[in-house]
Asks: 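Pasting in a structure now, in structure tokens, and then I'll have a few things to ask.
Every value quoted in this text rests on a predicted model; they were computed, and no experiment measured them. Counting starts at 1 for both ligands and their atoms, following the listed order.
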Amino acid sequence: MNGHVPVLRDEVVQGLDPKSGEHLLDLTLGRGGHAVEILDKTAPDGRLLGVDRDPDALAHAAEVLPADRIELVHGNFGDLPDLRVSIGVGTWDLVLADLGVSSPQLDESDRGFSFRHDGPLDMRMDPTRQGTAAELLERITEGQLVTLISELGEDRFAARIAAAIVRARAQEPIRRTGRLAEVIRAAVPLRRDSKLDAATRTFQALRIAINGELEALQHLLDRVGSLLSPGGRLAIISYHSLEDRKVKDTFRTLTQEGDHRLVTPRLVRPSAVEVRRNPRSRSARMRIICRLGIN
Ligand SMILES: C[S@@+](CC[C@H](N)C(=O)[O-])C[C@H]1O[C@@H](n2cnc3c(N)ncnc32)[C@H](O)[C@@H]1O
């Protein structure tokens, strides 16, 4: 057990259908949960280029992946100009983007993603970069905060939450996840029927903003056409309707243009069994596209 259960693991392997000798670009390697399964199928000489912006994730992945078939890159895939980096491949047979955060990132309170465990209000997937959530909350205007929470968190109480945050920071800067969560919970009416913690959506919105998650996804989607080898497959797992809408629209355009085909005509969601075993998988949605042509 490496601390992160790969979401839709069997569906990813089945949908991407990796074959011996195929090369994989995993843009969100994490601890390598999906990659290890795929490398098993691409043995003996299929290679992996694994990208992650979290150095800690890469260090853990290196422990479980076959050293002679992999190359790891630390960075945001949204910053890689043409995503065709390295191992001399040019284009890829298999590309995977399993977006969002990993369980270790959420569970380690020092990373500052979690409203369940108190920690410094950080939320950077890449701790070597500037700009924590605490710093953002110090300088953002109330109006910008309303927009951020309503657009990226889709929280209908955005205005109340933003007002409460601005009042709280006037007393003392908000530097801990625990304090932020308390401020949010006190600002919204208690809904006994909701299983969702009142802080969930605001934390999600801040995380997406701090890490430029939608911008990175757009960067990838703008390059799908030049990324895949003929016959190559790309799987994207998203955890948010804003992300999934972007993926769906891009995949639709690519198939209409005639060079690609949908491998998953219907959205792939985790089974009830998977959600029971791994509740964090519940919002996952996967789409796979294939570039037409023979390998
Ligand atoms: C859901 S986890 C991936 C888990 C992985 N598929 C596994 O099974 O172990 C997402 C990972 O992607 C990384 N990540 C998210 N956005 C990224 C980006 N724009 N560039 C590089 N890495 C990113 C995160 O740091 C995290 O480690």
Asks: Mind checking what makes ring-ring contact (aromatic ring centres under 6.0 Å, His included) contact with F157, not counting sequence neighbours?
Replies: none

Asks: Would you call R185 and D197 a salt bridge, taking side-chain N to carboxylate O under 4.0 Å as the test?
Replies: yes

Asks: Report yes or no: does a heavy atom of A61 sit under 4.0 Å from some atom of ligand 1?
Replies: no

Asks: Does any N or O atom in H34 lie less than 3.5 angstrom from one in ligand 1, N or O only?
Replies: yes

Asks: Using a strict cut-off of 4.0 Å, indicate which atoms of ligand 1 neighbour a heavy atom of G75.
Replies: 20 (N), 21 (C)

Asks: Is any N or O atom of Y239, backbone or side chain, closer than 3.5 Å to an N or O atom of ligand 1?
Replies: no

Asks: On a heavy-atom basis, I'd like to know which of N211, D54, D52, T28 is closest to atom 27 (O) of ligand 1.
Replies: D52

Asks: Going by salt bridge (Lys or Arg N to Asp or Glu O under 4.0 Å), name the residues that satisfy it together with D222, two or more places apart in sequence or in a different chain.
Replies: none

Asks: Below a 4.0 angstrom heavy-atom separation, can you tell me which part of L99, side chain or backbone, both or neither, approaches ligand 1?
Replies: backbone

Asks: Counting both backbone and side chain atoms, is some N or O of D98 under 3.5 Å from an N or O of ligand 1?
Replies: yes

Asks: May I ask you to decide whether D122 forms a salt bridge with R124, counting only side-chain N to carboxylate O separations under 4.0 Å?
Replies: yes

Asks: For ligand 1, which is the ligand I care about here, please tell me if M125 has any N or O atom under 3.5 Å from one of the ligand's N or O atoms.
Replies: no

Asks: For A216, is at least one N or O under 3.5 Å away from an N or O on ligand 1?
Replies: no

Asks: Specify the closest pair of heavy atoms between G75 and V51, including all atoms of both residues, with the distance to one decimal.
Replies: O-CG1, 3.4 Å

Asks: Can you tell me which portion of D126 lies within the under-4.0 Å heavy-atom range of ligand 1? Options are side chain, backbone, both, or neither.
Replies: neither

Asks: Judged by non-hydrogen atoms, does L27 sit under 4.0 Å from ligand 1?
Replies: yes

Asks: If the threshold is 4.0 Å, N to carboxylate O, is there a salt bridge linking K41 and D17?
Replies: no

Asks: Heavy-atom contacts with Q105 under 4.0 Å: which atoms of ligand 1 show up? List them by number with element.
Replies: 24 (C), 25 (O), 26 (C), 27 (O)

Asks: Any N/O of H4 closer than 3.5 Å to an N/O of ligand 1?
Replies: no

Asks: Would you say the side chains of T91 and R291 form a donor-acceptor pair under 3.5 Å?
Replies: no

Asks: Checking R31 against S102: is there a side-chain donor and acceptor pair closer than 3.5 Å?
Replies: no

Asks: I need the contact type for R9 against ligand 1. Using non-hydrogen atoms and a strict under-4.0 Å cut-off, is it side chain, backbone, both or neither?
Replies: neither

